[in-house]
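The figures here come from the full heavy-atom set of this structure, side chains too, leaving out hydrogens, waters and symmetry mates. Numbers for residues simply follow the sequence, beginning at 1.
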Amino acid sequence: MHNSESKPPSLDYILKRTSDEKTLALFNNIAISDGYRPATLRKMNLTTKQYYGRIFGLTNAGLIKRYKGKCSLTSLGKVVYDSHIII
């Protein structure tokens, strides 16, 4: 588990968190929706536990933040998303 207070996440840690296909799809959905229209669990074919586990991992990696139940990208998340789009 990564502690966001101690030091920034390493590239290795970020890549591990986004290596799963469903997690990457969730990350992309959050980037596109900007927190206003989150994907439904049924649409993403995820259980509630899988969804929140992936959200927890993305949050720990510093890629997303949650505020009042809405997810949005952090500055680091925007850089990773833009890099992913370029690749």
Looking only at heavy atoms, the pair that brings Pro9 and Ala61 closest together is CG-O, 2.9 Å
Quick one, Tyr51 and Ile55 - any side-chain contact, counting heavy atoms below 4.5 Å? yes
Close side-chain approach of Ile64 and Tyr81, heavy atoms under 4.5 Å: no
Starting from [Y], can I reach [X] by hopping between I/L/V/M/F/W/Y residues whose side chains sit under 4.5 Å apart?
X: Leu24; Y: Ile85; result: yes
X: Tyr52; Y: Leu63; result: yes
X: Ile32; Y: Phe27; result: yes

Value rounded to 0.5 Å, distance of [atom1] in [X] from [atom2] in [Y]:
X: Met44; Y: Thr23; atom1: CE; atom2: OG1; result: 8.5 Å
X: Arg66; Y: Thr59; atom1: CZ; atom2: OG1; result: 7.0 Å
X: Gln50; Y: Asn45; atom1: CD; atom2: CG; result: 8.0 Å
X: Leu46; Y: Arg54; atom1: CG; atom2: CZ; result: 5.5 Å

Verdict with reasoning, Lys16 to Asp12, per salt bridge (Lys or Arg N to Asp or Glu O under 4.0 Å): CA-CA 6 Å; Lys16 282 180 185 177; Asp12 182 50; 3.5 Å; yes
Leu58 pairs by side chain to side chain contact (heavy atoms under 4.5 Å, CB included) with which of Ile14, Leu73, Thr18? Thr18
